[in-house]
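All remarks here apply to the structure that follows.
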Amino acid sequence: MKLLYFAWLRTKTGVAHEEVAPPEHVRDVASLIEWLPTRGPNFADAFKNTAVVRVAVNQQYARPDHPLKAGDEVALFPPVTGG
Amino acid sequence: MKLLYFAWLRTKTGVAHEEVAPPEHVRDVASLIEWLPTRGPNFADAFKNTAVVRVAVNQQYARPDHPLKAGDEVALFPPVTGG
Amino acid sequence: MAIRVQREDFDVGAELAALTENNHGIGGVTSFVGLVREMGGGPSAMTLEHYPGMTERQLAEIEAEASRRWKLDATLIIHRYGRLEPGDRIVLVATASAHREAAFESCHFLIDWLKTRAPFWKLEETAKGSHWVEAKEGDDIAASRWAETTANEKG
Amino acid sequence: MAIRVQREDFDVGAELAALTENNHGIGGVTSFVGLVREMGGGPSAMTLEHYPGMTERQLAEIEAEASRRWKLDATLIIHRYGRLEPGDRIVLVATASAHREAAFESCHFLIDWLKTRAPFWKLEETAKGSHWVEAKEGDDIAASRWAETTANEKG
């Protein structure tokens, strides 16, 4: 599974993108968001307030119950501020 | 008093602008509009339907009860179609 | 805050750039460009007649009203007259503001009011000869949604 | 119907002219140009980060939605990324239609949705260092007034 981080989620985690193999129980967006802060202090800090984290799966906005599978591209980012 | 005619009021009357000295009883926009069609067949035709005639006095839209005086510039035209 | 009534075409990009130049408080510019539309029945040119003097006055009043209603940094209205062909630009209305809502609403307001108050008349050329375009009731309705005190000023 | 995400500036006049070229059924073009606004505390540049791939996809979806809702002859969205300074153009949204209401509403719709759905993030440079601009709640409210089925698609 490919994870991408943008804006302050990128600067706080220190990761722009990575390949991960999450544990078995990570099967949807909600469980991914629960797992991520357990990966170290920078992740714990970045995912302190998950209410402001937006998720896209394969470049489409996804809800917490969106299922995840091995080849997915999952992006994590704060609310957008373009335009 | 200077009268100006625009669009089909100009083509129907055959007059672009003229200086007139209306009879004494012409004291406001309403009485001017009543007097004009009496000035000849082309004026009678042009002012057949006064509901669609707009009037500006000294370059400002004016209502029927707007008073008129000797030096006024009075324009008569159909509803505008610019833009 | 500029009004121009002219026979010549205008350069939209240059006009918009000039509008915001040296004002870095502007966050957005909304503009509307009106074009001569080809009506059913093939190409038809038109001639725009106007009332010199009153046109500039009315446009200046409409613009001042927009500046009273919204917080604007700059506004521009350019309206052409004379003979125009399908695809030709007729009018440019642009408003600049710190915030996009003010820019959108004021630009929309300006073109709606311009269509019902600015003294322009279209003489359309068709295969059967020329005829004066009739005012659309829709324009009055569009303008009336902005109506406050200005609504009853129209004669 | 065009989407461009680019580092380079764009020429508004040329873009708008190209949009309406050879289509004489178009009566009006509404456009919005977003600019880098100088915030209180003097000049501040910013860097726009985006999510390549998803950006184009989201913009294309927003544009398709506008074309479903309104009768449009042409639409254009250009959004820049990278480092920008106060007064620089960020975004151009333009819609062309036979009628001005459709052009105004669809252009407004596009920029409101773009502000809440297109994956761009602003990193602002200030005297005290750089910081990520926080999303404005007002943008969600502005977008929500267009909400039908699309409203609940946002994660």
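Naming: A, B, ... by sequence-line order, numbering from 1 per chain.
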field: Over 12 non-hydrogen atoms of neighbours within 6.0 angstrom of CD in C/E134
entry: no
field: chain C contact via D/T20 - which portion, at a heavy-atom distance below 4.5 Å
entry: side chain
Centroid separation D/F32 to C/F104 less than 6.0 Å: yes
task: Using a strict 4.0 Å threshold on nitrogen-to-oxygen distance, state whether C/E125 and C/R83 make a salt bridge.
output: yes
message: For C/V93, which atoms come within 4.5 Å of any heavy atom of chain D: side chain, backbone, both, or neither?
response: neither
message: At a 4.5 Å cut-off on heavy atoms, which part of D/D112 comes close to chain C: side chain, backbone, both, or neither?
response: both
field: Region of C/A14 in contact with chain D, defined by heavy-atom distances below 4.5 Å
entry: neither
Plane angle bin for D/W146 and D/W70 - parallel if under 30°, tilted between 30 and 60°, otherwise perpendicular: perpendicular
Partner of C/H108 by side-chain hydrogen bond (donor to acceptor under 3.5 Å, both in side chains), out of D/E101, D/R100, D/H108: D/E101
Worked verdict on C/E63 versus C/T75 for side chain to side chain donor-acceptor pair (under 3.5 Å): CA-CA 7 Å; C/E63 195 178 49; C/T75 62; 2.6 Å; yes
Which portion of D/V91 sits near chain C, non-hydrogen atoms under 4.5 angstrom: neither
task: Considering only heavy atoms and a distance below 4.5 Å, find which of C/R89, C/K115, C/E21 pairs most often with chain D.
output: C/K115
statement: Scored by heavy-atom pairs under 4.5 Å with chain D, the best of C/T30, C/V12, C/D88 is C/T30
field: Lys/Arg-Asp/Glu bridge criterion (N-O < 4.0 Å) met for D/R69, D/E105
entry: no
message: Counting heavy-atom pairs closer than 4.5 Å to chain D, which one of C/S31, C/G27, C/G87, C/G34 comes out on top?
response: C/S31
- line: chain D shares the most heavy-atom pairs under 4.5 Å, among C/V29, C/V33, C/N23, with C/V29
Structural part of D/I26 lying under 4.5 Å from a heavy atom of chain C: both
